[in-house]
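Only one structure is covered here, and it is reproduced in the block below.
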Number of protein chains: 2
Amino acid sequence: MKEFRRLQIKLTPQRLAILNFLRGNKSHPSAEDIYKAVLKHYPTMSFATVYNTLEALKSKHRVKELKIDSGKKRYDPDTTKHHHILCVKCKKILDLHTDFKLDVPEELTHGFELIGNSIEFYGLCRKCRKRH
Amino acid sequence: MKEFRRLQIKLTPQRLAILNFLRGNKSHPSAEDIYKAVLKHYPTMSFATVYNTLEALKSKHRVKELKIDSGKKRYDPDTTKHHHILCVKCKKILDLHTDFKLDVPEELTHGFELIGNSIEFYGLCRKCRKRH
DNA sequence: TTATTAATTAATAATTATTATTAACTGATT
DNA sequence: AATCAGTTAATAATAATTATTAATTAATAA
């Protein structure tokens, strides 16, 4: 649909399926999560297509890759500025919509041209706290 | 040496070699970087030992695992509170020793018990800026 | 609408990073 | 010096991701 036309990438049923799964999704899924979910409705989906599509969406800033969960990438369709909390036990990720001011003094940037930043919080979610 | 005795893990030449390589090292090496470097002086070193030792040092809070570089873990022997800047092109990581106050309003934590946080900056280093 | 073409799919192989297994070995304690 | 528990290192296994490529398909132009 016109959404994809705006993205300047080809509209395919596979991509539509992935985008539909991601739309409004707050679970911060991994590539595997996406693959498994979309597979149900689209049994010929391949892993390569998931990665291809994520790459396309990433390059169009329609999805953000999170590095918070070491070992695997997690994806977030919400590209507005916000941060995350990871439960170190169950690996659940929740959003944290607050704005933090991070002013870096020029003399500490080592000559870097700063592009962006990300803030992650680590903790124990309610369920995992109960389970001791 | 007594350093290791304090760590309550056995002193072995391999571990000593790894610790010596890490000591004061500001390059934020990956496991492979460490392996290759130590291999020069210690040709029987195995990858498993690098990972074992890193695990041991991590559990004793003598080294911190960084998730800033997606796809691989990087390690930092400086465990004092500080942050990092990653060059998105050459993947160089530099330290940023500034303190940022991150007060998270209770009502936004989703019931999480917060343990810690980390802040990463992304940018282009001087060299990579020049190389357009 | 159809033909063309350039991008995409999906099967598969390859790669990269990490973890697991285990027999031989070795440092620390007795 | 002997014992033993922890460690090494070779290797296999796993997990996540990227690369390859022939067949397919969406977008565009005729």
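FYI, side chains are in, hydrogens and waters are out, and symmetry mates aren't considered; it's all heavy atoms of this structure. Chain identifiers are assigned alphabetically (A, B, ...) following the order of the sequence lines, protein sequences preceding nucleic acid strands; residue numbering begins at 1 within each chain.
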What is the distance from [atom1] of [X] to [atom2] of [N], rounded to the nearest Å?
| X | N | atom1 | atom2 | value |
| --- | --- | --- | --- | --- |
| A:Leu39 | C:dA11 | CG | C1' | 14 Å |
| B:Gln14 | D:dG6 | CD | C1' | 12 Å |
| A:Lys72 | C:dA17 | NZ | C1' | 14 Å |
| B:Lys91 | C:dT16 | NZ | P | 15 Å |
| B:Phe47 | D:dT8 | CZ | P | 15 Å |
| A:Tyr35 | C:dT12 | OH | P | 11 Å |
| B:Asp69 | D:dA16 | CG | C1' | 15 Å |
| B:Ile18 | D:dT8 | CD1 | C1' | 11 Å |

Could you verify whether a donor N or O on one side chain and an acceptor N or O on the other, from [X] and [Y], lie under 3.5 Å apart?
| X | Y | answer |
| --- | --- | --- |
| A:His28 | A:Asp95 | yes |
| A:Ser30 | A:Asp33 | yes |
| B:Asp76 | B:His82 | yes |
| B:Ser118 | B:Glu120 | yes |

Does [X] have a side-chain nitrogen or oxygen under 4.0 Å from the phosphate oxygens OP1 or OP2 of [N]?
| X | N | value |
| --- | --- | --- |
| A:Arg15 | C:dT9 | yes |
| A:Thr12 | C:dT9 | yes |
| A:Thr44 | C:dA10 | yes |
| B:Ser46 | D:dT8 | no |
| A:Lys73 | D:dT18 | yes |
| B:Tyr51 | C:dT19 | no |

If you check the [X] side chain, which of [options] turns out closest?
| X | options | answer |
| --- | --- | --- |
| A:Ala31 | D:dT17, D:dA9, D:dT7 | D:dT17 |
| A:Ala48 | C:dA10, C:dA28, C:dT18 | C:dA10 |
| B:Glu32 | C:dA10, C:dA17, D:dA5 | C:dA17 |

Is there a Watson-Crick or G-U wobble partner for C:dA20 with both distances under 3.5 Å, and which nucleotide is it?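 For C:dA20, the partner nucleotide comes out as D:dT11, under the 3.5 Å rule.
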So, A:Phe100 versus A:His83, ring centres under 6.0 angstrom or not?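 Aromatic pair counts; centres sit under 6.0 Å.
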